[in-house]
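Input: a single structure, listed below in structure tokens.
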2 protein chains.
Amino acid sequence: MAETFYKEHSKFHVAVDCIIFGFDDGMLKLLIHKRKFEPFLDHWSLFGGFLRSDESLDDGARRILFELTGLENIYLEQLYAHGEPMRDPAGRVVSVSYVALIPGHKYHSGFSEQYDAVWIPLNMMPDLIMDHNDMVERGLKWLRRRASTRPIGFELLPEEFTIPRLQNLYEAILGEKLDKRNFRKKLLSMDFLKKLEEKDKTGSRKGAYLYKFDQQMYNKLVDNGFSFTI
Amino acid sequence: MAETFYKEHSKFHVAVDCIIFGFDDGMLKLLIHKRKFEPFLDHWSLFGGFLRSDESLDDGARRILFELTGLENIYLEQLYAHGEPMRDPAGRVVSVSYVALIPGHKYHSGFSEQYDAVWIPLNMMPDLIMDHNDMVERGLKWLRRRASTRPIGFELLPEEFTIPRLQNLYEAILGEKLDKRNFRKKLLSMDFLKKLEEKDKTGSRKGAYLYKFDQQMYNKLVDNGFSFTI
DNA sequence: ATTTTAAGTGTAATATTAACACTTACCGGG
DNA sequence: CCCGGTAAGTGTTAATATTACACTTAAAAT
């Protein structure tokens, strides 16, 4: 069919590259690996692959993430299409980048060794192939903007988390210290955090209460015109 | 070269579609036309075309905008890549949408008749082909977000404009009435509007002073940590 | 001169943000 | 068992930003 109407037009390889954020040890990190094929075999690279003829971009991103890391049900969002003619010296490839946020409880699940993936703190990023460093930079900007206008920080934490831990995350994302009291006050005033009975004692002797993000409550608030900001 | 390493992978047509906003008569409008080729010959459509093998996505968007409307030097920004396998019944096409903002002084320059383009108010949008209505919706969301965090409103006005006119524009973008005094106060307090000597008397007997957006001043402010919001 | 119309102007009330320091709970070691 | 260390937890005040609101003015048209 395509051949009927569009055959005179050029065709392109379409790739998907995943900018995979994680949060550990008080630091934002990115999951990268050494490329498994030519060109740039063995160079540091984002996780990427070619789109298949029967899948959407979103499906492609999901598949690639799964194939290369074994991770499923991950927060994924399209970021930007890169199409400089010479961006890949091995051929004309349009690459669509996606941001993925890996929650805390999957961060340490052993996949990274199996799949030869490594977590690298953002401020120690090596040179990546092609325009991947640009993608990372764009991804970080996206994360900053997004995390301050949507409650997506929770995507990077375990389901149950403490307020201090959440604050550390926001500090890492925004790159600035925040005031403890103001942070807590603001978050709790928004009414979508459910306090649990237990404490997490890994962070201190005293222990800090665990909380859960209440998605339903958040949705209700949004319906009533509430909008998240931090 | 591409054939050396990537030849086993699928290739795709890549299209660019332009979501072209204008502001006239107190209304936000979109420039659309009736499609010139099959499939969907003669159906309402955004301005779009196929990417060429030697151009970047940005270049493609610029070229298509120029070929189909004759307009050059227009504010253009990439929005989103659409890649559902069945989005185009005539074949597999990945389409990257771009937003274009047409300034007031080019709005009425006669190009729209020459090129068989029509300005349609956003609230009277007809059914467009394929996923073009989705693109428009996304474009509008983008415009709302963007216009309230960056001084891009000016891209939709003539170089010289009055405060009331600027307010009308923001009201049209945001879809809500704004307070005259607060609006003026806020805008002028930001210090990047240069007041001119002349008045524009088309809007009233009294006439309203003309202003110009001072890009250099704005840049300086941004360097000092200022950030625009409305 | 009078009417008409949109432009232009200031202040007070309210809400939001920012700054800031001490107490508490708990564990571990002496 | 008590003492020290450590991160968690807690309120108030000042400064700033936002909202609400109504009359005067300039100039053209009659």
Side-chain angles (χ1 to χ4, degrees), chain A residues 23-27 147-149 157-158 160-172 174-212 221 224-230, chain B residues 23-27 147-149 157-158 160-172 174-212 221 224-230:
Chain A
F23 178 64
D24 182 49
D25 211 6
M27 286 180 286
S148 49
T149 55
L157 292 174
E160 306 186 351
F161 52 85
T162 66
I163 305 285
R165 200 66 59 244
L166 184 63
Q167 181 176 343
N168 295 156
L169 170 62
Y170 272 93
E171 290 174 339
L174 302 175
E176 53 178 332
K177 281 256 161 253
L178 301 173
D179 180 275
K180 210 159 58 144
R181 283 180 282 195
N182 293 338
F183 183 82
R184 178 184 293 267
K185 204 186 323 167
K186 183 149 200 181
L187 264 287
L188 294 180
S189 75
M190 292 186 197
D191 267 350
F192 52 64
L193 292 185
K194 268 207 304 263
K195 185 175 185 174
L196 307 179
E197 293 303 312
E198 316 136 76
K199 286 183 159 188
D200 170 9
K201 303 216 171 157
T202 60
S204 72
R205 312 200 195 262
K206 182 179 180 179
Y209 282 103
L210 287 164
Y211 288 80
K212 256 178 135 159
L221 290 168
N224 295 337
F226 165 81
S227 88
F228 177 91
T229 43
I230 217 150
Chain B
F23 178 64
D24 181 50
D25 209 6
M27 287 180 286
S148 49
T149 55
L157 292 174
E160 305 186 350
F161 52 85
T162 67
I163 305 284
R165 201 67 57 244
L166 183 64
Q167 181 176 341
N168 296 157
L169 170 63
Y170 272 93
E171 289 174 339
L174 302 175
E176 54 178 331
K177 280 254 160 257
L178 301 174
D179 180 275
K180 209 159 58 145
R181 282 179 283 195
N182 294 338
F183 183 82
R184 178 184 293 268
K185 205 186 323 168
K186 182 148 201 182
L187 264 288
L188 294 181
S189 76
M190 291 186 198
D191 269 348
F192 52 63
L193 292 185
K194 268 207 304 263
K195 185 175 184 175
L196 307 179
E197 292 304 311
E198 317 136 77
K199 286 183 160 189
D200 170 9
K201 304 215 170 158
T202 59
S204 73
R205 310 194 196 270
K206 183 179 179 180
Y209 282 103
L210 287 164
Y211 288 80
K212 255 178 137 160
L221 290 167
N224 296 337
F226 165 80
S227 87
F228 177 91
T229 44
I230 219 153

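Predicted model only: the values in this text are computed from it and were never measured. Atoms considered below: every heavy atom in the structure, side chains included; atoms not considered: hydrogens, waters and symmetry mates.
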task: Sequence neighbours left out, what passes side-chain hydrogen bond (donor to acceptor under 3.5 Å, both in side chains) with A:Asp191? Give chain and number order.
output: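 Checked A:Asp191 against side-chain hydrogen bond (donor to acceptor under 3.5 Å, both in side chains); zero matches.
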message: B:Lys185: which residues meet the side-chain hydrogen bond (donor to acceptor under 3.5 Å, both in side chains) condition with it, sequence neighbours left out?
response: B:Asn182
- request: Not counting sequence neighbours, which residues clear ring pair (Phe, Tyr, Trp, His ring centres under 6.0 Å) with B:Phe161? List them please.
  value: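 Checked B:Phe161 against ring pair (Phe, Tyr, Trp, His ring centres under 6.0 Å); matches are B:Phe154.
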Set of side chain to side chain contact (heavy atoms under 4.5 Å, CB included) partners for [X], sequence neighbours left out:
X: A:Glu176; result: A:Leu174, A:Leu178
X: B:Arg165; result: B:Leu157, B:Thr162, B:Asn168
X: B:Lys195; result: B:Tyr209, B:Tyr211

message: Across nucleotides 8-17 of chain D, 5' to 3', mark each nucleotide with B, S or - according to how protein heavy atoms within less than 4.0 Å reach it.
response: BBBBB-----
Using whole Å, report how far [atom1] of [X] lies from [atom2] of [N].
X: A:Glu176; N: C:dA18; atom1: CD; atom2: C1'; result: 13 Å
X: B:Phe183; N: C:dG10; atom1: CZ; atom2: P; result: 18 Å
X: A:Asn168; N: D:dA7; atom1: CG; atom2: C1'; result: 11 Å
X: A:Lys201; N: D:dT6; atom1: NZ; atom2: C1'; result: 14 Å

query: When the C1' atoms of the five terminal pairs at each end define the local axes, what inter-axis angle does the helix from C:dA1-D:dT30 to C:dG30-D:dC1 show, to 10 degrees?
result: 0°
- request: Could you pull out all residues at least two apart from B:Lys180 that satisfy salt bridge (Lys or Arg N to Asp or Glu O under 4.0 Å)?
  value: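 B:Lys180: no salt bridge (Lys or Arg N to Asp or Glu O under 4.0 Å) contacts found.
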message: Please check: side-chain N/O of B:Asp200 versus main-chain N/O of B:Thr202, any donor-acceptor pairing under 3.5 Å?
response: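 Yes; judged by distance alone, with no hydrogens or angles, the pair exists.
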